[in-house]
Amino acid sequence: MPIRPAVSGASLEWIPVPIDPQYTLGLTEIHAQEYRRPRPSGYSIMACLNGRFGWDWNQAGFGKVEVNDARLRQSGGTYRTKSGIPFLTPAQGPNAACVSVWENLPDELRFPLIGRAREVAVFLIGVTNPMQSRVENGRLIVSYLDGGTEELALVNPENLDDWLVAAVQTEAETEYFSDRNHGIVERIAVDPGRNLGGLVVRAVANEVILGILGITLGR
């Protein structure tokens, strides 16, 4: 159902964007990998091999990793947030397009966008920690076909937080898809009179992982 956008104040029709080719991992696989490089040449225990913070107290306990994406998987291919924004999501296989400075993953991904819109809504999860607070963790860049961009810096804990820890960010929409896992919906206002070119998702800070779960255009 349409909701009132943060900037324009008009009701929107939401058009989900297929991003299947860019999915890289399943959500349950993100912390099942080992992240070894880049790390300091000297002694460091700030990030464990699974990408979690060395002193990670999250909603499952100390150093625990509990991921449940059943609500996404069982949504029939389209998951709607509590505010009514729909995002396409697969029932099986990879369901997150991940970027990171960790060498396991690309440091940026580009998603084609077609046509015009008033907003671009991005459903994502973040892996971050207190050492990356009050700095830019990542960036969302919407481009137009005729040149120019709209950019949004993702800063922990202003509009980004860690998906296994209780939500603390306040500038975007928090969406819990299980008791202990949540995503964030970032909404970027764009010029409705210009054709969109694409969305770039870029990792900026060390130890951070961004996982794009879905993209939707608000028209």
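Only a predicted model underlies this, so the values are computations on that prediction, with no experimental measurement involved.
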task = Scan side-chain atoms only and decide if E207 and Y35 contain a donor-acceptor pair under the 3.5 Å cut-off.
result =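 Short answer, no.
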D162-N58 side chain donor-acceptor pair, cut-off 3.5 Å =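 There is no such pair (donor and acceptor under 3.5 Å, judged by atom type) between the side chains of D162 and N58.
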key: Residues R187, E173: salt bridge by 4.0 Å N-O rule   =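 Judged by the 4.0 Å cut-off on N to carboxylate O distance, R187 and E173 do not form a salt bridge.
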ask   = Should K64 and E66 count as an ion pair when the cut-off is N to O under 4.0 Å?
value =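 Salt bridge flag = no for E66 with K64.
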Quick one: does any side-chain atom of [X] pair with a main-chain N or O of [Y] as donor and acceptor, under 3.5 Å?
| X | Y | answer |
| --- | --- | --- |
| Y79 | I85 | no |
| N68 | N181 | no |
| T128 | V208 | no |
| N137 | V135 | yes |
| T149 | E151 | no |
| N156 | N129 | yes |
| R39 | A47 | yes |
| R80 | S75 | no |

message = Could you measure the distance from the CZ atom of R118 to the CG atom of L217? Nearest 0.5 Å is fine.
response =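 Reported value, rounded in 0.5 Å steps: 13.0 Å.
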